[in-house]
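Naming: A, B, ... by sequence-line order, numbering from 1 per chain. All values derive from a computational prediction rather than experimental measurement.
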Amino acid sequence: MNSGIRVRFAPSPTGYLHIGGARTALFNWLFARKHHGTFILRIEDTDRERSTPEAVATILDGLRWLGLDWDEGPFYQSERLAAHRQLAEHLLAAGHAYKSYETKEELEAMRQAAEAAKQPFVFRGRILSPAEEAQLTAQGIPYVVRFRVPRTDGAVTFHDLVHGEQTKRYADIEDFALLRSDGSPLYILSNAADDIAERVTHVIRGQDGLANTPKQLLIYRALGVPEPTFAHLPLILDGKRAKLSKRKHGERATVQFYQAQGFIPDAFLNAIALIGWSPGDNREILSREDMIAAFDFAQVSRTNGIFNLPPADQPLADPRQFTDPKALWLNAEYLRTLPLDRLLPMVQAQLETAGLWKPAFATGDGQAWFARTVDVIRERFRTLVDFTTYGRAYFDDTFDIDPEAARKNLRDPRLATWLPELADTLEPLPDWTAEAVEAALRDFAAAREVKAGLFINAARVALTGQSVGPSMFEVFVLIGRERSCARLRATGQRLMAEAPASRDAAATS
RNA sequence: GCCGCUAUGGUGUAACCGGUUAACACGCCGCCCUCUCACGGCGGAGAGUACGGGUUCGAGCCCCGUUAGCGGUACCA
């Protein structure tokens, strides 16, 4: 049952999908889904220099990753220029527009004069007779087609779903250009024309479009076509309340960055949904279905929202704090709570990208092992990429020992001989279970009159390269008998190889 | 220059469209759990609402001014 509601997301292809754009797409999508409407994708690609196929593909890929499926489109604005010009001709013929022959220099001089007089500059061009127009055109004087704002007292009034009632007097609206002197249409016209062609019922866009809405409504009314309802969304700014941009913030302002960094799409949507909207009941974790059910313009804020990025010009104090803290927390929440059968394919894709995936993880016992391992280690991770970095040791033999971890837990010189001995003790265990390994390790420690913690923490570094992780006896099981013992021996040998140099140095001094 | 919007704990937001304990989450602190680090459980600190006026019995919420931020104002999109 289609409600007749039609909304659209209409990005310009700039080379990346902006976080703010993704948020606008999301609110359009939520509104369409909540009200059983139609979500239209339109690419506003009239800036032909910037609108490369790669730039378009980036937007489409970003929307697909987010799972924001469109029902119609993508439509390309550049394919409709003739229709836009036709609309302008229609407005000309009906007297709602005129040819304006003023030059840019003349306009600039007027603007500066008004500024000097501290007056607003509201351009009103001379409206010529057809004979005058013909004469100037015959002389080859270029002209712009401008909308003829009514000269009467009056105002454009409309109700914005977020900002409420808006009024702008005709006297405060300049005669704005519809067509450039080369005949190409301007954004104001193209944007409205496509909304009309697509029979858009609700224009849901960023707040930067609010001030231009009275002009667009004048076009609708001059054409005598149905007007959409407007909802203007708060912008997304950085922690210093400056605009988010790739130029200023780098990749962190782009949706692709979060995909590459191992964000879960639902978590990312949840994070950006809460920028400028709240469900009304203090909930922070919302599934798509939750958001669809709860979405309401009454809870969309007029306040510009903040996506808190670390300063771009300084190295990160903590590499794990690479973006908005709340977004990171949400992604970690999703990692911990997502049903395993949804998480496993995501981890597999990440391991494949990192070159760590092995077919054995997908067959027989390996499948069960893979699921178990992911389930145990996910609790300490914030992104999917963490499985390939902090969790690398579980999936591959090539992993780095964290220098800090080694400094902290491999200091005792006796470990050089004890770790291989521990391997000798564990390797013949009849059963390789957490309980069996624990019992054997504690006996091993007791026999040497040291605390078990010494071996537990050393083994953690030897087996995983990290000083932190799941319970160590579970780790022994996950890494397996063969790999555990090999890594204990390798670490012992490494310590042995390092120790003689230290003693020689001590003897010299 | 002119017009519009915004300003609430360290961070992000909320607060019956004025009612008399300013809420939630993250982060922070303490305890429990604990082989490490997490997760989880229990508890705690922290804003009196940018600044200055006004209206009102009563204002975070209404009005005025200031400061700051954002947006619009182009033959930009």
- What is the nucleic acid contact for Ser190(A), judged by heavy atoms within less than 4.0 Å: base, sugar-phosphate only, or nothing? nothing
- Task: Determine which nucleotide pairs with A25(B), using a 3.5 Å limit on both distances of a Watson-Crick or G-U wobble pair.
- Result: U11(B)
- Would you classify Ser100(A) as touching base, sugar-phosphate or nothing, given that sugar-phosphate means primed atoms plus P, OP1 and OP2, and contacts are heavy atoms under 4.0 Å? nothing
- Heavy atoms under 4.0 Å, any strand shown: does Glu474(A) hit a base, just sugar-phosphate, or nothing? nothing
- Message: Hydrogens and angles aside, do Thr213(A) and His232(A) bring a side-chain donor and acceptor to less than 3.5 Å of each other?
- Response: yes
- Task: Report the nucleotide, chosen from G12(B), A38(B), G71(B), that has the shortest atom-to-atom distance to any side-chain atom of Gln207(A).
- Result: G71(B)
- Query: Can a donor-acceptor pair under 3.5 Å be found between the side-chain atoms of Arg380(A) and the base atoms of C37(B)?
  - Reply: yes
- Message: Return the pairing partner of C70(B) with a 3.5 Å limit on both distances, Watson-Crick or G-U wobble; otherwise return none.
- Response: G4(B)
- Same-atom distance (C1') from C31(B) to U67(B), integer angstrom: 45 Å
- Task: Hunt down the Watson-Crick or G-U wobble partner of C42(B), both distances under 3.5 Å, from any strand shown, or write none.
- Result: G30(B)
- Message: Closest-nucleotide mapping onto RNA chain B: is Tyr143(A) or Asn457(A) further toward the 5' terminus? I mean the 5' end.
- Response: Asn457(A)
- Task: Examine C24(B): is either OP1 or OP2 under 4.0 Å from a nitrogen or oxygen in the side chain of Ser278(A)? Give yes or no.
- Result: no
- Task: Starting from the 5' end of RNA chain B, give me the residue, Phe176(A) or Asp238(A), whose nearest nucleotide shows up first.
- Result: Asp238(A)
- Task: Could you tell me which nucleotide pairs with G48(B) by Watson-Crick or G-U wobble geometry, both distances under 3.5 Å, or answer none if nothing does?
- Result: none
- Message: Just N and O in the side chain of Arg146(A): are any of them under 4.0 Å from OP1 or OP2 of C75(B)?
- Response: yes
- Message: Could you tell me the Watson-Crick or G-U partner of G18(B), where both distances fall under 3.5 Å? Say none if there is no partner.
- Response: none
- Message: The side chain of Asn282(A) is closest to which nucleotide in this list: C24(B), C37(B), U6(B)?
- Response: C24(B)
- Task: Have a look at Pro234(A) and say if it touches a base, only the backbone sugar-phosphate, or nothing, with a 4.0 Å heavy-atom cut-off.
- Result: nothing
- To the nearest Å, give me how far apart CG (Leu328(A)) and P (C39(B)) are. 13 Å
- G52(B) to G19(B) separation - C1' atoms, rounded to the nearest Å: 25 Å
- Query: Any donor-acceptor pair under 3.5 Å linking the side chain of Gln299(A) with the backbone of Asp296(A)?
  - Reply: no
- Between C5(B) and Asn304(A), is there an OP1 or OP2 to side-chain N/O distance shorter than 4.0 Å? no
- Item | Criterion side chain to side chain donor-acceptor pair (under 3.5 Å) on Tyr258(A) and Thr383(A), from CA distance to verdict | CA-CA 9 Å; Tyr258(A) 297 89; Thr383(A) 70; over 6 Å; no
- Query: Counting any heavy atom closer than 4.0 Å, what does Gly206(A) reach on the DNA or RNA strands: base, sugar-phosphate only, or nothing?
  - Reply: nothing
- Item | Integer angstrom distance from the C1' of C63(B) to that of A23(B) | 27 Å
- Task: Give one of base, sugar-phosphate or nothing for Ala452(A), where a contact means two heavy atoms less than 4.0 Å apart.
- Result: nothing
- Message: Nearest whole Å is fine: how far is G1(B) P from Gln119(A) CD?
- Response: 14 Å
- Would you mind classifying the nucleic acid contact of Lys118(A) as base, sugar-phosphate or nothing, using non-hydrogen atoms under 4.0 angstrom? sugar-phosphate
- Message: Does Ser181(A) contact C75(B) through a side-chain donor or acceptor facing the base, at a distance under 3.5 Å?
- Response: yes
- Using a heavy-atom cut-off of under 4.0 Å over every strand shown, decide if Glu108(A) touches base, sugar-phosphate, or nothing. nothing
- Query: Testing Arg146(A), Arg124(A), Lys99(A) for salt bridge (Lys or Arg N to Asp or Glu O under 4.0 Å) with Asp175(A), which one passes?
  - Reply: Arg124(A)
- Between C33(B) and G27(B), how far apart are the P atoms? Round to whole Å, please. 22 Å
- Could you work out the separation of U20(B) and U56(B) based on their C1' atoms and round it to a whole Å? 14 Å
- Item | Side chains of Asp45(A) and Ser78(A), donor plus acceptor under 3.5 Å | yes
- Query: Under 4.0 angstrom, heavy atoms only, what part of the nucleic acid is Ser467(A) near: base, sugar-phosphate, or nothing?
  - Reply: base
- Inter-nucleotide C1' distance (U34(B), C16(B)), Å rounded: 46 Å
- Nearest-neighbour nucleotide for the Glu115(A) side chain, U36(B), G1(B), C75(B) considered: G1(B)
- Query: Looking at Lys243(A), does any N or O in its side chain come under 4.0 Å of the phosphate oxygens OP1/OP2 on G71(B)?
  - Reply: yes
- Task: Give one of base, sugar-phosphate or nothing for Gly469(A), where a contact means two heavy atoms less than 4.0 Å apart.
- Result: base
- Message: Less than 6.0 angstrom from the centroid, inside 45 degrees of the normal: does Arg80(A) satisfy that with respect to the ring of Tyr76(A)?
- Response: no
- Message: Please report the distance separating the C1' of C70(B) from the corresponding atom of G30(B), rounded so that it comes out in whole Å.
- Response: 41 Å
- Who passes side chain to side chain contact (heavy atoms under 4.5 Å, CB included) against Lys248(A), sequence neighbours left out? Asp238(A), Ala242(A), Ser245(A)
- Query: How would you label the contact of Arg460(A) with the nucleic acid (heavy atoms, under 4.0 Å): base, sugar-phosphate, or nothing?
  - Reply: base
- Tell me, please, whether Phe455(A) has Arg448(A) positioned over its six-membered ring: NZ or CZ under 6.0 Å from the ring centre and within 45 degrees of its axis? no
- Conformer about C1'-N of G65(B) - syn within 90° of 0, anti elsewhere: anti
- How far does the C1' atom of C24(B) sit from the matching atom of A47(B), given to the nearest Å? 14 Å
- Query: Looking across every strand, which nucleic acid part, if any, lies under 4.0 Å from Asp208(A) by heavy atom: base, sugar-phosphate, or nothing?
  - Reply: sugar-phosphate
